[in-house]
Structures are given as C-alpha cells and as structure tokens.
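Presented below is the structure to which this report refers.
Labels below follow one simple rule: chain letters A, B, ... track the order of the sequence lines, proteins then strands, and each chain is numbered from 1.
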Amino acid sequence: MDTGILLSMTGIDKRFAGIPALSAASFAVGRGEVHALIGQNGAGKSTLIKVLTGYHRRDAGEVVFDGRPFEVFSPQHAQASGISTIYQEINLVPYRSVTENICLGREARRYGLLDWKRMHKEAETLLSRFNVRIDVRRPLMEFNTATQQMVAIARAIGFSAKLVIMDEPTSSLDEREVAVLFDVIRQLKQEGVSVVFVSHKLDELYEVCDHVTIMRDGRTVKTAKMTEIDKIGLVSAMLGRAIDRAEGHATAFSERDERKIGKVLLSAKSLAINQSVQDVSFDVRSGEIAGFAGLLGAGRTETARLVFGIDRPRAGTMHFDGQEFTPRKPADAIAAGMGFCTEDRKSEGIVPEMSVAENMMLALMPKLSKSGIIDEKGQREIVERFIKQLGIKCSGPDQKVRELSGGNQQKVLLGRWLAMNPRLLILDEPTRGIDVGAKGEIQALIKSLADQGLAVLMISSELEEVIEGADRVFVLREGISVAEFNRHQATEDALMSAMAHGNAPVAAEAVS
Amino acid sequence: MTRVRLISMLGSYGVVLALLLLILFGWARYDYFLGFFNITSVLRYNSMFALVALGMCFVIMTGGIDLSVGSTAALGSVVAALASPQGAWIGLGAGVGAGLCVGLVNAVLVTRLKIMPFVATLAMMLAASGTALLLADNQSVSVSYESGFTSIGQDNFLGFPIPAWIAIVAYVIGWIVLNFTSTGRAVLAVGGNEDATRLMGLPADRIKFLVYLVSGGLAGLAGVILASQFGAGQPIEGVGWELFAIAAVVVGGTLLTGGVGSVGATLAGVLLLGILFNVLNFENGKGWISLSAYWQSVIRGLFLLVVVILQAKLSSRGTAAAREH
C-alpha cells in the first residue's frame, strides 16, 4: 500500500527550560502504513508525538503532512487536519457517557440542539466495527479498561483521521483484547489510514508493524523495516550500546569482595498482580546488590511496589528474614526494615518546599517523636551526621530541598531511608536525571552501603549500571522474571538477549 | 456497576424524593401549608436563591467555585436601585450589567491569570461588597416607585409571581443548554477531566470563562429582584448566599469536584432548603416547640451534612467499583 509519504518530520528541536528533549529528531510515516515508534523512557517519543499533535510548539524543524507544510497550533487543529491521538493514560471523561466521549467536539445537531438519538446511533455504529456492543448511554467509568480503550479508538476514527497515533495502547489489554485491537489496526490500514504504534512489547511490533523508528536521548537513531531488524537489533539501538563496544568501567562501581555477601534476606516467589507483574521470583541477600534489568514496562517498578506494600499481590509469596512477609501498607515494609527510593523524585519522594532536615526526617518522624512532639535535638544530630556522611552539598539542614541539584536531592532521599537504619533498600533508577559527577558519587555510596551489610535491590535502565554494579542481575520481561545472572555471567550480550527473547540463559551459559 | 447507577439515581431522584416527602409532611401537619399565599411567597422569596444557585451549578460542574455571588447580588441590588428612576428596564439592565462585570473579572482571573477559583472569587466577594457599600453610602438605597421597577419583584403574571417566572425561564434555558448544546456537554467534560478535554480539542478556557460570566450575570439578576421586592438596594444583603447556593447545588447531587451535575436537581435542592426553612417556621407557628433562628440553622446544617456524607460514600464506592474492572 506504499503510495507515498503521509507525514515527514525533520530536524525537530524542542527544549524544556533549556534542557533539550528533542534534538534534530526526524520521523516519517507512509500512507496506509503501521509504523512503530520505540525508545527508552525519556527518549523523546512522547514529546515528538505532542509536537505533532500541537500540544507543544516545536523550537525548530519542519513538518510536512499530506503533501503540505504543517503548522499546528492546538490539539483541536491537529484533529481537524486528520491526526487523531490515543494517549497512554486513557484521556477521556469517566463520568460522562460513552456517546459523549466519542462525540464531544463534533456533536450531531438538529434545529440547533443536540440530536442525542443520532449521536447514540453513531457511537454504536463506530463501536460495532470492533465488535463492541455496549449501552452507550452509560457513563464510561462503568466499563473495563479494554472497552474504554476501544471507545478512545472509536473516537479517534470517528474524526475520519488520516493518521492515528496509539501511545502504548496494549498496556492495559489482555491477549484477546489485543487481538481485537490488532484486527482494528489492520482494518484501518486497509482503508488507507496510517497508524503510529508506540509500544514496549517487542513481539507486538512484529505482529502488526511495517516499519520501526527507534529514538534515544531525543534523537532518531534508526529507522528500519520490521522484517529487516531482529529483536537484539531493536534492543541495542534503544539502549544505545553497540554490542561490540570496548570493555572498561563506565560507572563508579568497583569490584566487590564477594565474601561480604551474607544469607538471603528477602525472597519472592511467583509474584503476580495483573498484566504488569505476572510471575516474578527473585531474592536479595544482605550485603548484596541485586539488580533488576528490563525494558520499560517489564514490571520492575511494579514488583518493587509489591515488595514495599504499596500494591497487594494477587498471587505469590514473600519471605523476609526467614519469616513470611505480607505487607499490607508501606508502613509494614518500613517496620520490617525496608526503604524505597522511588524513581520519580519530584512527585513521590521529596517535598520541595521543605528543608533538607524536614525531608530527611519525614519517614523517621513517628520514631523520633515522644507523644507527638518532635525531638528537635535528636533530629538535628541525625541530619548533620548524614549530610556529612553522604556528602550532601547544601548550605545547611535548613536549606530548601528545591534549591539543591538532582544528585543532592537523591542523597537527601537516601539519607531519609538510611536514617531508619534499614536492612533492605530498594532503589528505583537511583541515578536518573543526575549529572555524571554526582552519578559516580551515588554509585560509590550504594556500593559502600552494601559493603556495610545493607541489602540493595537496584532497578536501573542503564545496562552498565546493573552489569558493573550488581552482584546478581534479574532480567524481567513483560512481567516475568526470565533470567538470573551472577556477576560473571552478566554481560551486555546476555542481558540484551534475555530482554529481547526472554530465553537467554543459553547465551549466558555460553559466555560463562 | 450498579452503584454508579445508584449515585446518579440518588443525585437526581433522591433530592426530588426528599422534596416530595417534605411537602407531604408539611401538607399533613400544617393547615395553610399548601395554601396559595404560602406557595407564592415561598416561590417569590426563593427565586433569588434559585438564580444564584443555577449560576453556581454551572461553575461547580466545571470543577470551580464562585464565592462572590452573594456580594454580587448585593451590588446588583444597589446599582439597580440607583438606576431605577430611569425606568424599570434600565434598572434591570444596570443590575444585571453590574453582575456581569463582576463575572467578567472572575472569568479573566480564573482563565487568563490562572488564579484558583476559590481565591479569585473570594477576592471579588470582598471587592464587590465594598463597591456596593461605597455606592450606597453604607445604607439601603430606596428604589423609584414611579418607574414600575417594583413590579419585577412584587407583581404577578398570570397569577404567578414574576420572580418565579424569571427563575423558571432561567432554569428551562439552563436545562436546554446543559443537555442539548455542545457547550453544556463541554461544561461537564471540563469538570470531569480538564486535560482530556483539552486533548480532545475542546476550548476548555472559553467554557470556564463563560460559566463565571453567567454566574455573575445571574447573581446580578437576583440582586435586581432583591431590590425590587424589598423596595431598596441592600448593600449588606447577600451574606451567606454563596453558601446557600453551594448547599443547594451539592444537595442536588452535583459533585463539588465537577463533571457530574443536573439543573433540575439543583432547582429541587433550592426548593428543598427553602421549604425546610418554611416548615420550621410553620412548626414555630404551631407553638409546640420554639425553634430559634439559630436552631433552624443547626437543623439545616445537619440535614445538609447527612445528604453530603451519603453522596460521598456512594461516589467513593462507585469509583472504586469502576476501577476494579
């Protein structure tokens, strides 16, 4: 169906507060083509899409859509021009009816007033194309996620789109629903509609996509035919390391003395919650750094949330220090001796307007206060000790955390948990968004903590960080722990192959 | 799933049911409760609140709030009284115009300067109240009795109080706008998920602008009726009207977080609170027990609380149920 180019974006630049999110990115989609867009977190996929749909204005670059230079000012305008987007978080209005969600913005009218009868009928007709038969008068929130996803797609198609962008449409669907969605995509393709398909599930790409564009660090690094690239090729382009890259230390993790590793502290067997975590088993020993590797959406953070009692597993068992462990809330995990530095420091970690001291003491507050009154002096001592120990660069305990650099904010968070004297620390992307120098400091800090007997569970998307930092690496793939490597087995080849295929131990053994 | 249904049921029909029960109770217990005089005076008086509540209902459906409606009504009554010697229509227009001005400022503050509605309208509440006192020189302003201005609030049309007619027309228009125009549906969409609405390409800011403007205009209109009914512009009236309006809207099942709401149920909410007041007066008249105004206030507050707690319980269960699927 290649009858030419529908969309071409070239040399797209976009900065947020001076920090480049896109630099000279390019992207082209043919007519009636299903085009995959993939990349790690922060690679710039979402920004690129939002530039295309008019949500962000580009700083530089050129967009040609449907044979004409394309200047877009608002999502409304993009929609009117024939570009419809289905966002990752389903962006609909849950309280309103299915019909309204499909028809909002292009309502049918009769005598100047809304023609509900016709709108209901139109919604039913659109949905019936996907074999969805529901009462369209009911509020959207009454239906399951898959149905809501179908409603979002029906809305997009209802606008007689030439290009439909689907941002991770399958992340909340089960197998059967995914199959229906793929049928819809093929149907769209037959009708000459182009589809941009963003997903982290590599198998899916091969099933429906014709071409793939891979992004990394705001740039377009590769465009290829799906039939001409294998999974390893996809993974290595995404992670940005040529497989034959020279050896050498890229991180501040130095060799560890394996005798310092003790006995198993936390073990988890067959944890499952939903699509995101289906069957994850692993264990962490005291004094050990255990790494979680995997692509985005592999279920690493979700597993950590189960361990920390934020979510409750549907199946599986955990043992902590030999005892059965079933945390019902984070306070249970904290009481057992765990700490959790979340990936998203801004929204889940620091309280920016509070001081260094206050931020550090948040979790410790219940322990430090006597009948509700905070022991100021005890607090001061602990804070000052950690500022010195962790090398936090600040004017003093009273400086606002907002004013610190990313690396120092991360150290404050580390301090918060270390002040609790934990036995296990979960670190989710501990060095993301931190400059190179501070990164090394954090990595050295993690190692010295492990040397002192702390068990560390480290989630990282940077391959070299887990390879050089972790004593053992668990690879997660689509919610399943597919492989375990010790320090000697963990090579880039082995990890990438496990991430791509899920059946990597063969390759790993060959290396060891 | 059925719980979600139950919320909307309770929202729209619960308040109607409570209203009917209350009327039934009054009819059975008091002799003149359903008499012509009582009915018309209840409607005449409550029509002002009904107008203010209608504007509030639209603002709340977008997820906002308008605290300035009470002072705006006071300002409207003063401006209308001052302009009334020029003619009834001019008095009417001036009062509504004053309300629209306050609404316009609110709209600009909220949509252009992105000030939180609570803060923006709180500031305007003080500003409008001060302006009313300044214009009125700190006393009530007598209206002109020659120009026919007092007919608006005091006369009947087809045997029915004119203020009640005005309120009915306003509610019919409000109902049509909400249910049968794209603007109305966008109001609910903005309140339900503003980001999504923007991504869907709807003019979220224009919608919000409109609801604050309309709320101001309706409050001004309520002020006109106030001045006309009592024969004077009342700079110190309107205190607590915003709370009455919010209460009526909430009792009517409109979620304070926005996204769900009904014009009809809001009217039922106004009548429910108004008639509850009326019933308490009748009870006092019977002489069995004597409820002071304070006690009446306490009873109304408790009543409101019961309804709101019920609503919150059902809605949290409803969303939880929806999330499970």
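When every heavy atom of A:Val93 is checked against every heavy atom of B:Asn193, the shortest pair comes out as CG1-N, 4.0 Å. Smallest separation of non-hydrogen atoms from B:Gly192 and A:Pro94: O-CD, 4.4 Å.
Other residues, nucleotides and ligands contribute at most 12 non-hydrogen atoms within 6.0 Å of the CZ atom of A:Arg328. Environment of NZ in B:Lys114: crowded, with over 12 heavy atoms of neighbouring residues, nucleotides or ligands closer than 6.0 Å.
Within residues 178-189 of chain B, the residues having any heavy atom closer than 4.5 Å to a heavy atom of chain A are B:Asn179, B:Phe180, B:Thr181, B:Ser182, B:Arg185, B:Ala186, B:Leu188, B:Ala189, listed by residue number.
Of the two parts of A:Asn101, the backbone and the side chain both hold a non-hydrogen atom closer than 4.5 Å to a non-hydrogen atom of chain B.
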